[in-house]
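First comes the structure, then the notes that go with it.
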Amino acid sequence: QVQLVESGGGLVQAGGSLRLSCAASGSIFNIYSMAWYRQAPGKQRELVAHITSLGITNYADSVKGRFTISRDKDKSTVYLQMNSLKPEDTAVYLCNANLGGKHYWGQGTQVTVSS
């Protein structure tokens, strides 16, 4: 089992920045990848950013150039630096860990961007 604890969400004005953190604990010795997803009301869940155990990253087109995913050296904590935030970035952001096909999810943290 894996537990994911998120922090860093909140309310910010358009153009501002936030940094989300996700700390993994438990059976974390063979995590293949970690990722950030987001879910807005009435919208499909969207993959925002993804990082593998080798450090390979992928981003949604809507956040390229604005968001950066990174991890600690021990690979147990992943971050999402969000710059130049837009109202359309408003959503619940969910941390995900993939252990060879088994997925674990955090509780979600609300990000609200005001105009």
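The chain is numbered in sequence order, starting from 1.
- From Q39, atom CD reaches atom CD of Q110 across 11.5 Å, with rounding to the nearest 0.5 Å.
- The distance from atom CE of M34 to atom OG of S76, rounded to the nearest 0.5 Å, is 7.5 Å.
- For the residue pair T57/H50, the side-chain donor-acceptor check at 3.5 Å is not satisfied.
- The heavy-atom pair separating V78 from C95 by the smallest distance is CG1-SG, 4.1 Å.
- A 4.5 Å side-chain heavy-atom check between E46 and S62 finds at least one atom pair inside the cut-off.
- Taking CD of Q1 as the start and NZ of K102 as the end, the distance is 10.5 Å to the nearest 0.5 Å.
- Under a 3.5 Å cut-off, the side chain of R66 and the backbone N or O of S84 do form a donor-acceptor pair.
- A side-chain contact (heavy atoms from CB on, under 4.5 Å) with V111 holds for exactly one of T90, L80, L11, L20; it is L20.
- Contact detail for A91 and A40: the closest heavy-atom pair is CB-N, 4.0 Å.
- T109 places no side-chain N or O within donor-acceptor distance of the main-chain N or O of E6, the cut-off being under 3.5 Å.
- Every residue two or more places apart in sequence or in another chain that forms a side chain to side chain donor-acceptor pair (under 3.5 Å) with D72 is listed here: Y79.
- Taking 4.5 Å as the limit, every side-chain heavy atom of S70 sits out of range of all side-chain heavy atoms of Q81.
- Looking only at side-chain heavy atoms (C-beta outward), L99 and V2 come within less than 4.5 Å of each other.
- Listed by chain and number, the hydrophobic cluster partners of L94 are Y37, L47, V92, W105, where partners are ILVMFWY side chains within reach of under 4.5 Å, directly or through others.
- Contact record, A14 with S115: CB-CA, 4.4 Å, taken as the closest heavy-atom pair.
- Ion pair K64/D61 flagged as a salt bridge, since at least one NZ, NE, NH1 or NH2 atom sits closer than 4.0 Å to an Asp/Glu carboxylate oxygen.
- Counting only residues at least two apart or in different chains, side-chain hydrogen bond (donor to acceptor under 3.5 Å, both in side chains) contacts with residues 91-101 comprise R38-Y93, N96-H103.
- Atom OH of residue Y32 and atom OG1 of residue T52 lie 6.0 Å apart, to the nearest 0.5 angstrom.
- Contact detail for L4 and A24: the closest heavy-atom pair is CD2-CB, 3.5 Å.
- To the nearest 0.5 Å, atom OG of residue S53 and atom CZ of residue R71 are 7.5 Å apart.
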| Steps toward side-chain contact (heavy atoms from CB on, under 4.5 Å) verdict (I56, I51) | CA-CA 5 Å; I56 300 171; I51 186 167; over 6 Å; no

